[in-house]
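Contents: one structure, followed by commentary.
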Amino acid sequence: MSTVQEVRCWRCAHQHQAMLFCPACQAIQLVPPQADYFSVLGLPRHPALDEKLLARRYYELSRQLHPDLYQTGTPQEQEASLNNTALLNRAYRTLRDAVPRGQYWLELHGEQLGKENNRVPPKLAALVFAVHEQLEEASATRAAGKADEAQAELGHIREDLHAQLSQLRAELASNFSQWSENETQPGLLQALKTTLSALAYLHTLLRDVEKESEASWNV
Ligand SMILES: [Zn+2]
């Protein structure tokens, strides 16, 4: 896994992980843009995080970085407050939801989801086949002028997909909980990649359902 970046405080020279404020003297820090999102939020570097704590840290830090507090500060402090606010927002958006958090965790381990998600994940093969068939049926129903019926059919597909979505999200949570700190586990990494690919594919299917649904409303 990539190592956590160390920086030195500009005011008191204390050496620490890249954080928004110096842990020794509380001075605002010039955080490098590639700083680790977990340390930006002052959280342990682990994918199974406490979401309530994450939200609390985010709001606390947002308040502490408010530009009004730096109006009389040096230009560097003002710049740091803007820069850190942008970084904090990026970190929070990435970590608050398990899916982007999982993708970020992959990146920290030098991996990435393939951009070409055309291949059907094997575990979803049966579902994908069924959904395509049902979508065609709904489309035929719509073509026959029965828009309400088509919407009802689409509702069933949506339910199936959401059930699968919950299952994959549970898998993701279970994967996260098995990581131990500062250790790369190839099996877990591969399993994480598989689950995230399946989730990405499922979202594509849901978009197809929404497209068909819109078409039905516009009959
Ligand atoms: Zn300091």
Side-chain angles (χ1 to χ4, degrees), residues 1-113 115 169 172-193 195-196 199:
M1 177 154 67
S2 63
T3 50
V4 173
Q5 200 163 11
E6 294 264 325
V7 292
R8 197 176 282 280
C9 174
W10 59 273
R11 193 158 78 186
C12 76
H14 177 74
Q15 194 165 336
H16 58 87
Q17 288 182 15
M19 292 169 101
L20 303 178
F21 297 93
C22 169
C25 77
Q26 312 309 321
I28 191 165
Q29 301 295 292
L30 284 163
V31 185
Q34 68 278 24
D36 186 282
Y37 289 163
F38 292 94
S39 50
V40 163
L41 279 142
L43 293 168
R45 207 186 201 199
H46 194 282
L49 51 72
D50 177 343
E51 290 179 12
K52 276 195 191 136
L53 179 62
L54 170 72
R56 203 163 64 228
R57 282 282 161 77
Y58 171 69
Y59 291 114
E60 267 168 26
L61 290 165
S62 297
R63 270 199 304 278
Q64 291 168 14
L65 288 172
H66 199 281
D68 286 358
L69 300 175
Y70 297 91
Q71 269 176 355
T72 57
T74 65
Q76 286 88 341
E77 284 173 323
Q78 290 178 4
E79 196 198 323
S81 102
L82 292 176
N83 177 67
N84 289 3
T85 298
L87 176 63
L88 176 66
N89 288 336
R90 252 194 339 270
Y92 181 60
R93 272 199 305 272
T94 304
L95 297 186
R96 74 176 159 185
D97 185 89
V99 173
R101 193 195 314 149
Q103 286 167 353
Y104 181 61
W105 195 249
L106 278 187
E107 279 170 39
L108 285 179
H109 290 82
E111 292 271 352
Q112 234 173 346
L113 273 197
K115 289 278 171 255
R169 281 192 166 261
L172 204 55
S174 149
N175 180 287
F176 286 169
S177 68
Q178 292 171 60
W179 286 84
S180 58
E181 237 171 315
N182 301 319
E183 210 182 299
T184 299
Q185 287 136 303
L188 275 182
L189 197 60
Q190 190 48 50
L192 177 59
K193 226 173 153 177
T195 305
L196 287 171
L199 276 162

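Atoms within a ligand are numbered from 1 in the order they appear, just like the ligands themselves.
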Where is the tightest heavy-atom contact between Ala191 and Asn175, given as atom of each residue plus distance?
CB-ND2, 3.8 Å
SG (Cys25) - the Zn ion (ligand 1) - SG (Cys22) angle, nearest 10°
110°
Can you find a side-chain donor-acceptor pair between Gln178 and Ser174 that sits under 3.5 Å?
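A donor-acceptor contact under 3.5 Å links the two side chains.
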When you measure from the Zn ion (ligand 1) to the N, O or S atoms of Cys12, does any of those distances fall below 2.8 Å?
yes
Metal proximity, His16 vs the Zn ion (ligand 1), N/O/S cut-off 2.8 Å:
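Checking the Zn ion (ligand 1) against His16, no N, O or S atom falls under 2.8 Å.
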Any salt bridge (Lys or Arg N to Asp or Glu O under 4.0 Å) pairs touching residues 92-104, not counting sequence neighbours?
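Counting only pairs at least two positions apart or across chains, the salt bridge (Lys or Arg N to Asp or Glu O under 4.0 Å) contacts touching residues 92-104 are Glu51-Arg101, Asp97-Arg169.
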Of Trp179, Phe176, Tyr37, which meets ring pair (Phe, Tyr, Trp, His ring centres under 6.0 Å) against Trp105?
Trp179
